[in-house]
Amino acid sequence: MIERTLSIVKPDGVAKNLIGEVVRRFEAAGLKVVALKMVRLDRGEAEGFYHVHRERPFFASLVAFMSSGPIVPMVLEGEDAIARVRTVMGSTDPAKAGAGTIRKDFASSIEKNIVHGSDGPATASFEIGYFFSALEIPPR
Ligand code: ATP
Ligand code: MG
């Protein structure tokens, strides 16, 4: 099924000049970039994005990290896009990520792991709408 999903180059990825590398890997995997921007979240906006994790012990640190610098959210489209983006990213913990994945190659820790990808259709829908208005996304 053709899906859309949200990915983000996180503050560490932007700081390490990896915007192009992340986009290149998604494009090389056959995913199409249909929307993309650079923004900086404030603390409340980062809390809203990661609200599902609000009870987790790492939440405050994650929110501080995600609001620490500019990020590059993008909407990617393709066959099974949600799962494929997560395959290209690799596991959350770079020590457990497979060879050739973004996180294996570039992430410095389980928190500072370069890239985000929606984990299912409902989260993809919420997360795309969090960053992009209807006018900024091409109709399907
Ligand atoms: P993402 O949602 O960013 O794509 P993910 O789905 O692989 O990553 P989640 O479990 O949703 O992982 O965690 C969201 C983010 O919270 C992680 O990407 C990471 O930045 C941070 N995180 C997750 N687990 C930990 C942890 N144990 N310690 C510190 N930070 C963590
Ligand atoms: Mg997640």
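If you read the sequence from its start, that first residue is 1, and numbering goes on from there. One-based numbering, in listed order, for ligands and for the atoms of each.
Pairing each heavy atom of V115 with each of K10, the nearest pair is O-CE, 3.3 Å.
Counting heavy atoms under 4.0 Å from ligand 1, residue D119 does not touch it at all. Contacts between T92 and ligand 1 below 4.0 angstrom, taking non-hydrogen atoms only, involve backbone and side chain alike. Residue contacts with ligand 1 for K112 are absent, since no atom lies close enough (heavy atoms, distance under 4.0 Å). With a heavy-atom cut-off of 4.0 Å, M66 does not touch ligand 1 at all.
When the heavy atoms of E111, H116, K10 are ranked by distance to atom 18 (O) of ligand 1, first place goes to K10. Considering I110, V63, T123 only, the shortest heavy-atom separation from atom 19 (C) of ligand 1 involves I110. The residue from F58, F59, F65, F49 that puts a heavy atom closest to atom 31 (C) of ligand 1 is F58.
Checked options V75, V23, I19, V9; the residue passing with L36 is V23 (criterion: side chain to side chain contact (heavy atoms under 4.5 Å, CB included)).
Note that K37 lies in the cation-pi zone of F132, set by a 6.0 Å cut-off to the ring centre and a 45° limit from the axis.
Here the side chain of T123 pairs a donor or acceptor atom with the backbone of G120 at under 3.5 angstrom. In terms of modelled atom types and a separation under 3.5 Å, the side chain of R103 and the main chain of I110 share no donor-acceptor contact. Judged purely by atom type and a 3.5 angstrom limit, R86 uses its side chain to pair as donor or acceptor with the backbone of G117. Within the 3.5 Å criterion, the main-chain N or O of R4 finds no donor-acceptor partner in the side chain of E77. A donor-acceptor pair is defined here as one N or O able to donate and one able to accept, closer than 3.5 Å; such a pair exists between the side chain of E45 and the backbone of D42.
Shown in contact with R86 at under 4.0 Å from a heavy atom are these atoms of ligand 1, numbered in order with element: 4 (O), 6 (O), 7 (O). The ligand atoms of ligand 1 that sit less than 4.0 angstrom from a heavy atom of N113 are 17 (C), 18 (O), 19 (C), 20 (O).
Shortest contact from atom 11 (O) of ligand 1 to any protein heavy atom: H53 NE2, 2.9 Å.
In this structure, R103 has a heavy atom closer than 4.0 Å to ligand 1.
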